[in-house]
Amino acid sequence: MTDIAFEKVPHKSPTSPERRAALMADPGFGKVFSDHMVTIKWTPDKGWHQAQVRAREPFQIDPAAAVLHYAQEIFEGMKAYRLPDGGFALFRPEQNARRLNASAKRMAMPELPEDVFIAAVEELVKVDADWVPGGEGSYYLRPFMFATEAFLGVRPANEYIFCVIGCPVGAYFKGGFKTVSVWVSEEFSRAAPGGTGEAKCGGNYAASLSATQEAFANGCDQVVFLDAVERKYVDELGGMNVFFVMDDKTIVTPKLGTILPGITRASIIKLAEEAGYTVKEQLYSFDQWQADARSGKMREAFACGTAAVVAGIGKVKYRGGEFAIGNSGDGEVTTQLRARLTGIQRGTVADDYGWTRQIAG
């Protein structure tokens, strides 16, 4: 264990149980936040230091802070679950820690020891345990790091803050899982080879927003990006990875390189292979997607990510028209993989992979 201790700063006015219950009755996603946050500072002379569990409050940063001008910022998304026995568990947190460090390396930021990352997340879950919903809800955790040094000049900053905040969230789809419709962007690109596509940094998401607005304007829930070089191969959705289920027990998903290496994505690949499917990580063109959907070779398509977990894709729209996937509803494979994954996450299905990490009280 890295030698760093977390100072617990008492909260002067925590949310009352009555107010917390009212907020958690219908929290939505990412709008209601728990009482505390964890912060750790970094400087070249001290490294990571001043780790605190303290009241969630606004940051005071200089107007010249590097994050505001040069976008040195990275983040993660993960969840804590209330188990049937009343305990709590994280899902593959070491993978989030490793991905954060991969993002940090790409963005010229200091890496955080994996054990410190996990300890920070666990400290927040323990102090805000009353904010972790049961049932279909979960506690969404947002670890992030940003540059705080005040200067104007294009170079890596010398001061950073790592922080973890959390929020209770309900079921992503009210009334049961629903398929989503997607818009294929043929104008905007998300990432190019050699760029930051594999890093989980805010700039990637900012770059996706215009295309997302276009998707909304065309009555779709999400946007699909094509590769930035040939503009023909499917990359990923605005915030999710994508899979295509064929009629020969083959599942195709875009290969890594310019897309985010999703932890849900990796878990789905493992579960699908264990269930007897052949998973191919390869280039897959939008033209082929249309042809396979229209011929019936493609039975299902789904997107996956931390927030929605697994969401079936029912309809695809683009400037030249639209087409449906299968019967436009959740398919058998999509349903099977989602049930298996969410069961492991929530402790209702045996975890044969050692993916869940229970949080000690």
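What you see below is based on every heavy atom in this structure, not just the backbone, and it leaves out hydrogens, waters and symmetry mates.
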Using only atom types and a distance under 3.5 Å, with no angle test, would you say the side chain of [X] pairs donor to acceptor with the backbone of [Y]?
X      : Y      : answer
Glu114 : Arg98  : no
Glu73  : Gly202 : yes
Arg99  : Pro261 : yes
Glu300 : Gly326 : no
Arg92  : Gly354 : no
Thr196 : Ala199 : no
Ser295 : Ala291 : yes
Asp128 : His36  : yes

Quick one: are [X] and [Y] in side-chain contact, heavy atoms under 4.5 Å?
X      : Y      : answer
Tyr318 : Glu186 : yes
Ile325 : Met298 : yes
Trp131 : Arg20  : yes
Phe88  : Gln358 : no
Leu226 : Tyr233 : no
Glu281 : Ile269 : yes
Leu68  : Ile61  : yes
Ile344 : Leu271 : yes

- Note on the structure: Sorted by chain and number, sequence neighbours left out, ring pair (Phe, Tyr, Trp, His ring centres under 6.0 Å) with Tyr139 holds for none
Charged N-O contact under 4.0 Å between [X] and [Y]:
X      : Y      : answer
Lys200 : Glu76  : no
Asp287 : Lys232 : no
Lys297 : Asp248 : no
Glu332 : Arg299 : no
Lys41  : Glu159 : no
Glu122 : Arg357 : yes
Arg155 : Glu149 : yes
Glu187 : Arg231 : no
Lys270 : Glu274 : yes

- Message: Side chains of Ser34 and Arg56 only: does a donor on one sit below 3.5 Å from an acceptor on the other?
- Response: no
- Task: Return yes if a side-chain donor-acceptor contact under 3.5 Å exists between Arg294 and Gln290, otherwise no.
- Result: yes
According to a 4.5 Å side-chain heavy-atom criterion applied to Ile, Leu, Val, Met, Phe, Trp and Tyr, with indirect links allowed, do [X] and [Y] form part of one hydrophobic cluster?
X      : Y      : answer
Trp48  : Phe117 : yes
Phe75  : Leu124 : no
Leu260 : Val310 : no
Tyr353 : Phe91  : yes
Phe162 : Phe33  : no

- Message: Evaluate Met145 against Met107 for side-chain contact (heavy atoms from CB on, under 4.5 Å), listing each step before the verdict.
- Response: CA-CA 11 Å; Met145 187 197 307; Met107 302 298 287; over 6 Å; no
Heavy-atom closest contact ([X] atom, [Y] atom, distance):
X      : Y      : result
Gly77  : Thr306 : O-OG1, 3.4 Å
Cys220 : Ser181 : CA-OG, 3.3 Å
Pro93  : Ile118 : CB-CG1, 4.2 Å
Ile251 : Ala272 : CD1-CB, 3.9 Å
Ala311 : Met240 : CB-CE, 4.4 Å
Asp235 : Val242 : O-CG1, 4.3 Å

- Message: Would you say the ring centers of Phe244 and Phe302 fall short of 6.0 Å from each other?
- Response: no
- Derivation of the salt bridge (charged side-chain N to carboxylate O under 4.0 Å, His left out) call for Glu236 and Arg190: CA-CA 9 Å; Glu236 64 179 356; Arg190 177 189 172 276; 2.8 Å; yes
Between [atom1] of [X] and [atom2] of [Y], what distance do you get to the nearest 0.5 Å?
X      : Y      : atom1 : atom2 : result
Ile40  : His49  : CD1   : NE2   : 10.5 Å
Lys317 : Phe323 : NZ    : CZ    : 12.5 Å
Ile165 : Asp35  : CD1   : CG    : 13.0 Å
Arg54  : His11  : CZ    : NE2   : 11.0 Å
Asn96  : Ser103 : CG    : OG    : 10.5 Å
Asp227 : Ser285 : CG    : OG    : 10.0 Å

- Message: Within the supplied structure, the quantity of interest is the number of heavy atoms (other residues, nucleotides, ligands) at a distance under 6.0 Å from Gln60 CD; does it exceed 12?
- Response: no
- Could you give me the CA-CA distance, side-chain angles and deciding distance for Glu198 and Arg106, then say whether salt bridge (charged side-chain N to carboxylate O under 4.0 Å, His left out) is met? CA-CA 9 Å; Glu198 285 193 299; Arg106 178 63 182 85; over 6 Å; no
- Message: Let's go through Glu214 and Ser185 carefully: what are the C-alpha distance in whole Å and the side-chain angles of both, what is the deciding distance for side-chain contact (heavy atoms from CB on, under 4.5 Å) to 0.1 Å, and is it a yes or a no?
- Response: CA-CA 8 Å; Glu214 185 179 59; Ser185 177; 3.9 Å; yes
- Val164 and Arg142: CA distance, side-chain angles, deciding distance, side-chain contact (heavy atoms from CB on, under 4.5 Å) verdict: CA-CA 6 Å; Val164 188; Arg142 173 51 59 88; over 6 Å; no
- Run the numbers on Gln222 and Val224 for side-chain contact (heavy atoms from CB on, under 4.5 Å), then give the verdict. CA-CA 7 Å; Gln222 268 277 7; Val224 176; over 6 Å; no
- Item | Ring geometry between Phe146 and Phe144 (parallel below 30°, tilted from 30 to 60°, perpendicular above 60°) | parallel
- Please determine if Lys249 forms a cation-pi arrangement with Tyr277, meaning its NZ or CZ atom is less than 6.0 Å from the six-membered ring centre and no more than 45° off the ring axis. yes
